[in-house]
> 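Below are the C-alpha cells for one structure; questions will follow.
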Amino acid sequence: KEEIDSYLEEMEESIQIFESIVKTGNEVLDTILTEKSLYCRENGITVSCVADGSQMGFINTIDLYAILGNALDNAIEAVAKFKEQEKRQIDVMIYRQQQFLVINVVNPTEEKLVYEEEELPKTTKKDRLHHGFGLWSIRYMVKKYDGNLNVSEEDGCFSLKILIPIPTGIR
C-alpha cells in the first residue's frame, strides 16, 4: 500500500510538471513561461496563459528574458501577498494584433500604486536603492524595438501591456 501510494504521488507530481510545460512556438518563451509556471504551481499561484510565440523570433533572447522575467516576477510578487486563493492568479496573453506583438500581463493588486513622473509606479519595497528597476528595464528593452509600455490599474487589477511593431516580412 505504501509503495503504491508513493508511486501514485510521484506520478501525480510528474503530471503536474507536464501540465506546467508551455508550448508557444518559441523555445525561449516556452522556457520562461514553463519555469515561472512551475514556480507558481509550487507556491499556490495560478497562471492562465494564452501565448503565440511564433511572432517573437525577432526579439533577442536576453531582451525577451528581461522583459518577461521582470513582468512575471513583479506579478508573482504582487499576488503572493494575497491569502485568498482566487486572488493568487496571473493572466498572460501574448498574440499578434495586425502588425504588433502584444504582451499583456494582468494580476490583482492590493495596494494603490504611486506613479513617478515617467508614468511608472514607484517600487513598493523599502530598499529603493536596490529595487524598483524592473519596469524601467522592461521599458528600455521595449523601446529598443520601437515598442510601447503601458501600465494601468483598474478595479483592483494591475495591467502591464506591451506593444512592439513586428518587422516587415515576419508572418
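The first residue in the sequence is number 1, and the count goes up from there. Computed from heavy atoms alone, side chains included, the values below leave out hydrogens, waters and symmetry copies.
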> According to a 4.5 Å side-chain heavy-atom criterion applied to Ile, Leu, Val, Met, Phe, Trp and Tyr, with indirect links allowed, do Phe58 and Ile94 form part of one hydrophobic cluster?
yes
> Could you measure the distance from the OG1 atom of Thr24 to the CG atom of Leu29? Nearest 0.5 Å is fine.
4.0 Å
> Quick check: do Asn70 and Leu135 have side-chain heavy atoms less than 4.5 Å from each other?
no
> Within the 4.5 Å heavy-atom criterion, are Ile76 and Cys40 side-chain neighbours or not?
yes
> Listed by chain and number, what are the side chain to side chain contact (heavy atoms under 4.5 Å, CB included) partners of Gln98, not counting sequence neighbours?
none
> Determine, using the 4.5 Å side-chain heavy-atom cutoff (strictly less than), whether Phe82 and Val47 are members of one ILVMFWY cluster.
yes
> Quick one: closest heavy-atom pair of Asn26 and Gly53, and the distance?
CB-O, 3.2 Å
> Can you name the side chain to side chain contact (heavy atoms under 4.5 Å, CB included) partners of Lys143, sequence neighbours left out?
Arg139
> Quick one: pull up CG in Asn107 and CZ in Phe158 and give me the separation to the nearest 0.5 Å.
7.0 Å
> Looking only at non-hydrogen atoms, find the nearest pair between Ile32 and Gly69 and report the distance.
CG2-N, 4.5 Å
> Determine the minimum heavy-atom distance between Gln89 and Glu86, stating which atoms define it.
CB-O, 4.3 Å
> Closest approach of Pro108 and Ala78, non-hydrogen atoms and distance?
O-CB, 4.2 Å
> For Glu153 and Thr109, run side chain to side chain contact (heavy atoms under 4.5 Å, CB included): C-alpha distance rounded to whole Å, both residues' side-chain angles, the deciding distance at 0.1 Å, then the answer.
CA-CA 8 Å; Glu153 266 180 282; Thr109 184; 4.1 Å; yes
> Evaluate the side-chain proximity of Ile166 to Phe100: yes if any heavy-atom separation is below 4.5 Å, no if none is.
no
> When rounded to the nearest 0.5 angstrom, what distance separates CG in Leu68 from CD1 in Ile162?
6.5 Å
> Any sub-3.5 Å donor-acceptor pair from Gln55's side-chain atoms to Tyr95's backbone N or O?
no
> How long is the span from the CD1 atom in Ile59 to the NZ atom in Lys144, to the nearest 0.5 Å?
10.5 Å
> Nearest 0.5 Å, please: how far is CG in Leu163 from CD in Gln99?
12.5 Å
> Stepwise, does the side chain to side chain contact (heavy atoms under 4.5 Å, CB included) test hold for Leu33 with Leu72?
CA-CA 9 Å; Leu33 292 174; Leu72 290 170; 3.9 Å; yes
> Would you say that Ile164 contacts Asp146 through its side chain, given a criterion of any heavy-atom pair below 4.5 Å between the two side chains?
no
> Hydrophobic cluster membership, with links at side-chain heavy-atom distances under 4.5 Å among I/L/V/M/F/W/Y: are Val105 and Tyr65 in one?
yes
> Does any non-hydrogen side-chain atom of Glu154 lie less than 4.5 Å from one of Ser159?
no
> Would a distance-only check, ignoring hydrogens and angles, find a side-chain to backbone donor-acceptor pair under 3.5 Å from Asp52 to Ser54?
yes
> Would you compute the distance between atom CE of Met141 and atom CG of Asp63 and round it to the nearest 0.5 angstrom?
5.0 Å
> With sequence neighbours excluded, tell me which residues meet side chain to side chain contact (heavy atoms under 4.5 Å, CB included) with Asn150.
none
> Report yes or no: do Ile90 and Val106 belong to one cluster of Ile/Leu/Val/Met/Phe/Trp/Tyr joined by side chain heavy-atom distances under 4.5 Å?
no
> Given the rule that I, L, V, M, F, W and Y join up when any side-chain heavy atoms are under 4.5 Å apart, are Tyr140 and Tyr145 in one cluster?
yes
> Is there a side-chain contact between Asp73 and Lys36 in this structure, where contact means two heavy atoms from C-beta onward sitting under 4.5 Å apart?
yes
> Are any of the side-chain heavy atoms of Leu64 and Met56 separated by less than 4.5 Å?
yes
> State, to 0.1 Å, how close Asn148 and Val142 come at their nearest heavy-atom pair, and which atoms those are.
N-CG1, 3.3 Å
> Within the structure provided, determine whether Leu160 and Asn74 are in side-chain contact (heavy-atom separation under 4.5 Å).
no
> Between Arg88 and Lys83, which heavy-atom pair has the shortest distance, and what is it?
CD-O, 4.4 Å
